[in-house]
Amino acid sequence: MNDRIAPDQLAPAPRAEERKPAPAPVATRGYIGASIPRANAKRLLEGRGCYTDDIQLPRLAHVVFFRSPHAHARIKRLDLQPARAQPGVIAVFDGRAIAEYCTPWVAVLGHLKGIKSPPQHAVAIERVCWQGEAVAAIVAETRAQGEDALAHVEAEWEELPAVTDMEDALSGRYVIHPDLGDNICFKRELVTENFDAAFAQADLVVEETFGFGRHTGVTLEGRSILADYNAAEHSLTVYHATQAPHMMQDIFSRHLDIPEASVRVICKDVGGSYGIKVHVYPDEMATAAISVMLRRPVKFVADRLESFLTDIHAREHKAKIRLACTKDGRILGFDLDDLTAIGPYSVYPRTSGIEGNQVVNLTGGPYRHKAYRAKMHVVFTNKNVTCQYRAVGHPIAVALTEGIVDLAAAKLGIDPAEFRRRNIIPDDAYPYTFPSGIKFEKLSHEQCLDKLLEAMDYRALRAEQARLRATGVYRGIGLAAMIEVTNPSPAFYGVGGARISAQDGATVRLEPTGMVTCLASVTEQGQGTDAIFVQICATAVGVSVDKVRVMTGDTGVTPYGGGTWASRGAGIGGEAVLQAGKALKSNILDVAAAMLGVDKATLDVRDNAIVDGATGEAKLPLAEVGRVGYFRPDTLPMKFQAELSVTRHYTPREYGFTFTNGIQASLVEVDTDTGFVKLLKHWCVEDCGTVINPILVDEQIRGGIVQGLGAAMLEECVYSPEGQLLNGSLADYLVPMSGDVPDIEVAHVCTPTKQSELGAKGVGEAGTAGAPGAVMNAINDALAPLGARVTDQPFTPERILRALGRI
Amino acid sequence: MKASSFGYARPASLAEAFALLARHGEGAKLLAGGQSLIPSLNMRLAAPELLVDLGALGELEGIAPLGQGLRIGARTRHCEIERSALVAERAPLLAQAAPHIAHVAIRNRGTLGGSLALADPAAEWPACCVALGAQIVIASARGERRVAAEQFFKALYATELAADEILVAVEIPPPAPQARSVFLELARRRGDYAMVGLAAQANRTDGQLRDVRLVFLGVGAIPVLARHAMAAIEGKAADAAAIAAAQHELSKDLSPNGDLYTSAEAKLHLARVLTGRALAALAR
């Protein structure tokens with residue numbers, strides 16, 4: 001059989017004149033605000049992407065991991081020799097062998113006061129602390145041979161008590177890491193001076209306890225790494241599906257003892273990350289160490305089953321919240337007590353204290369109360385580790401806040417939209433300092449609420465709801481206002497001692513033909529970073545988008561930077577690209593002015609040409625500047641040096657975070673016989689400042705909402721009391737599929753940040769942040785006439801039927 | 001997730017397939033559409049020494065009239081049943097159930113015989129075959145035999161099939177002129193295995209339901225014929241009282257186990273809800 005296409009059957013590549021012309025730039029802001037199709041979409045759709053697992057190197061070996069079947073156990077005996085004897089096996093290593101080449105780590109940060117965690121090794125030594133923890137590595141010629149050999153590892157265990165319940169962990173009945181004294185990784189308390197008085201004078205105090213399941217971010221591409229150690233130069237090249245190549249470069253360097261400059265981290269195409277791929281994974285560190293040990297390239301790709309056991313999990317909170325208000329519906333204060341469990345280790349290097357910390361920072365977010373008290377405990381358990389996943393802490397804080405706000409509104413008999421209107425921070429109140437201490441530059445809650453109510457035709461929906469209720473149809477409308485942390489400054493990690501860059505850089509270079517190359521330190525995970533950098537760069541330089549090529553994800557090539565996390569790519573990386581592009585334009589004009597013998601101020605770059613700034617008359621094609629700049633600089637004035645390559649960096653400084661805001665609404669119908677919820681429609685109005693590419697922004701919102709809908713309705717990593725993951729496959733861990741997702745209407749209010757010239761705020765996490773709260777409120781609105789209420793996510797039919805008293 | 005190594009054979013005739021089964025016994029595994037088997041190989045839940053691919057056996061394919069009834073070859077794919085005008089006319093229950101089977105891509109490859117032979121307790125076809133009173137046609141080197149669907153399913157993932165036998169076809173009796181059917185299923189996502197499902201069949205004459213067959217999926221190790229509930233509604237008009245009586249009787253028929261997300265109690269409740277909806281639909 002030959003299913004290859006003969007060369008003469010292939011359609012010829014389009015000739016230059018047949019290619020579609022580049023879209024024309026929009027009036028004054030260039031391509032900013034235009035929905036330009038992303039350059040890499042076609043390549044990926046045609047199957048010409050190149051992911052880490054697509055890379056084949058000579059002498060490539062594959063590593064598989066023997067993983068703990070127990071949640072907590074001592075390794076009594078581990079015999080790897082029978083596995084070593086299997087066909088194709090190159091080497092076998094236990095934790096001690098790996099530890100000789102890879103030092104352990106402790107994930108704490110200075111600004112999270114008191115956070116503690118024990119040293120963690122790449123491969124477990126003596127003791128395992130969760131089901132799925134790597135216990136041994138088997139290196140083989142193929143992945144299949146490695147998996148064959150796994151069955152021949154002999155291990156004996158002494159099971160230890162597994163702590164799997166958060167409250168049990170907090171009680172300290174059994175301490176997982178005796179050296180630490182208790183199971184508390186981190187705790188934080190905060191109270192404003194006026195707190196007691198506010199609650200004492202309240203007309204109404206409502207209280208509720210909410211539960212949030214453990215989730216994981218299900219990426220299309222599994223975690224992947226190919227480490228290639230070169231003994232001749234003691235250098236390491238790592239092809240890595242990661243969000244933060246420079247962070248990983250630093251970590252490989254320090255833990256494998258290779259000079260930083262000799263470590264190069266390259267990201268090929270990355271198939272989705274959602275925060276999953278911004279952490280240090282023990283099996284990936286082991287893979288890099290094994291490459292050093294064996295002096296050959298070694299690949300590890302987590303399969304789906306391993307991913308469920310070892311990709312970071314997130315959420316798992318139980319929180320009690322109280323709200324105090326006056327009888328006319330003015331919120332006086334919030335009182336929070338949050339408990340969250342993170343598995344047996346704080347995850348390196350960002351720590352697992354951030355999510356709980358965010359819940360404390362953000363709860364009550366959109367409102368103008370003055371009193372706040374928060375208590376939060378982060379505890380160790382014998383389950384997989386948790387860490388930062390899309391919208392870190394936000395979905396918890398939003399659902400808590402919006403759930404208790406709805407309860408207060410209901411008790412007072414005030415419409416939930418009206419109750420919010422009375423309490424949101426007014427649009428003219430900025431800059432504003434929130435009771436938790438965070439500062440808002442400028443938000444637009446009032447405009448967003450107005451726009452949302454109009455978009456959904458709130459009054460008509462309420463009328464329809466009442467009409468249908470009379471016929472036994474239970475529809476509910478839920479609102480969730482929110483704030484979102486974006487564009488973080490060094491206040492997020494750097495001040496705590498983490499070697500994580502909050503600044504990003506871009507190098508922009510004019511090529512001899514007039515093309516422009518942009519090298520950026522923010523990375524592409526599939527979210528479209530490359531596409532918006534093309535737009536920003538083309539706009540800044542004055543060329544059409546087809547002239548710009550963007551390269552990211554290579555520590556050997558791009559400027560130093562943080563990569564992709566905390567909704568920072570557009571706002572921070574984009575500003576660096578803008579400034580680099582503007583500087584390049586200025587340098588191009590210097591060359592052109594020298595060539596033309598005119599004053600630089602009279603010239604401009606437009607549509608790939610040097611033009612007279614006043615008349616628009618074409619003076620020189622850009623390619624001519626490139627030709628002279630690179631090949632005939634001898635024709636330029638004697639002391640003049642063309643600089644057609646420029647690098648600029650950007651760090652937000654004025655505010656710790658550039659907050660964004662928005663509001664979501666959900667319309668649901670509950671089948672009160674089956675407990676099934678049909679999501680009928682979803683709306684989101686949000687304010688991410690300057691919108692660079694409307695389609696990409698809307699799809700970020702939609703994609704984020706879908707992950708939030710998953711949280712509300714479907715997703716939960718279910719563990720047995722013994723610490724066994726019970727639903728570690730896609731057949732059992734349910735993520736939303738296209739047919740389960742309602743239409744999502746997205747609209748924007750635009751309040752650019754004044755911290756940067758671009759004015760962009762982040763947008764990647766807002767959808768995930770607000771959706772679960774909106775859905776929860778909608779379900780409870782539907783159930784209200786039946787006196788039922790649900791507070792534990794996900795809202796399974798079982799939980800709804802129980803709330804209804806049907807079972 | 002790589003399958004352990006296995007042999008592969010693609011016999012050109014049933015006789016050749018029987019010979020392979022005779023040689024390899026329990027070590028051989030029949031491959032039809034592969035929609036359950038291949039994932040289980042990759043997850044190393046199954047590690048046969050030989051896969052016997054039935055893909056070349058054209059005689060196992062196709063939907064044909066059998067008298068006024070139907071014969072459906074074991075290798076007939078779900079999508080072909082879903083689209084067949086003959087099935088819609090003579091066994092509408094199958095046409096009603098087909099869209100609930102997983103997703104289009106899976107229906108394009110998965111087969112009727114594969115689903116029946118695997119006997120997943122939450123699958124649609126086993127319950128439908130029991131409801132329709134179908135005969136399962138089984139062949140081996142020893143000859144051909146027929147087993148009523150009701151007797152075919154023995155226990156969790158266990159059937160009447162011996163290691164040397166191949167399920168070759170399903171024969172469905174002709175429908176009565178007044179026959180009505182309804183298929184209902186509750187799954188948290190469309191296409192998932194059912195939490196609870198119900199294949200229901202009855203003849204409606206003079207406003208009364210006769211020869212009622214209520215077969216549940218997802219609530220036991222095998223498809224469960226709800227005999228007490230059936231008896232409660234037999235010969236009755238499906239009014240509120242009769243439906244309530246049938247729903248009440250269900251606790252004698254079903255003793256479901258809870259699963260990850262749904263308790264036994266909830267499953268029984270949902271089975272009652274489906275019973276009410278199905279009987280109302282049959283009577284309509």
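What you see is a predicted model; the values in this text were computed from it and never measured. In what follows, chains are A, B, ... by sequence order, proteins preceding strands, each numbered from 1.
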Exercise. Under a 4.5 Å heavy-atom cut-off, does chain A meet the side chain of B/Ala264, its backbone, both or neither?
Worked result: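 B/Ala264 has no heavy atom closer than 4.5 Å to chain A.
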Exercise. Which bit of B/Leu186 is near chain A, if near means a heavy-atom gap under 4.5 Å: side chain, backbone, both or neither?
Worked result: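 For B/Leu186, heavy atoms of backbone and side chain both lie under 4.5 Å from chain A.
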For this session: Not counting sequence neighbours, list each pair that qualifies as a ring pair (Phe, Tyr, Trp, His ring centres under 6.0 Å) and has a residue in residues 709-742 of chain A.
Result: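 Sorted result for residues 709-742 of chain A: A/Phe308-A/Tyr733.
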Which region of [X], side chain (C-beta onward) or backbone (N, CA, C, O), has a non-hydrogen atom less than 4.5 Å from a non-hydrogen atom of chain B, or is it both or neither?
| X | value |
| --- | --- |
| A/Leu734 | both |
| A/Asp740 | side chain |
| A/Arg304 | both |
| A/Glu716 | backbone |
| A/Leu730 | backbone |

Is it true that a side-chain atom of [X] and a backbone atom of [Y] form a donor plus acceptor pair closer than 3.5 Å?
| X | Y | answer |
| --- | --- | --- |
| B/Arg189 | A/Val735 | yes |
| A/Arg806 | B/Ala266 | no |
| A/Glu798 | B/Ser263 | yes |
| A/Glu147 | B/Lys2 | yes |
| B/His269 | A/Thr674 | no |

For this session: For B/Met1 and A/Asp303, work out which heavy atoms get closest and say how close.
Result: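 Looking at all heavy atoms of both residues, the closest pair is N-OD2, 2.8 Å.
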Problem set entry | Enclosure of B/Arg180 CZ (heavy-atom neighbours >12, cutoff 6.0 Å) |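 Yes, enclosed.
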For this session: Return yes when atom NE2 of B/His248 has more than 12 non-hydrogen atoms of other residues, nucleotides or ligands closer than 6.0 Å, and no otherwise.
Result: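 No, NE2 of B/His248 has 12 or fewer neighbouring heavy atoms, counting only those of other groups under 6.0 Å.
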For this session: Starting at CG of A/Asp732, measure out to OH of B/Tyr261 and round the result to the nearest 0.5 Å.
Result: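 If I round to the nearest 0.5 Å, the distance is 6.5 Å.
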Problem set entry | Contact leader toward chain A among B/Val196, B/Asp192, B/Leu270, where contacts are heavy-atom pairs under 4.5 Å |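 If we count pairs closer than 4.5 Å to chain A, B/Leu270 comes out on top.
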Problem set entry | Heavy-atom check, side chain of B/Thr262 versus side chain of A/Pro797, under 4.5 Å |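 Contact flag for B/Thr262/A/Pro797 side chains = no.
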Exercise. Do B/Glu265 and A/Leu801 touch side chain to side chain, with heavy atoms closer than 4.5 Å?
Worked result: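 When only atoms from C-beta onward are counted, A/Leu801 and B/Glu265 do not touch, as no gap falls below 4.5 Å.
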Exercise. Among residues 29-47 of chain B, which residues come closer than 4.5 Å to chain A, judged by heavy atom distances?
Worked result: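 Within residues 29-47 of chain B, near chain A: B/Met43, B/Arg44.
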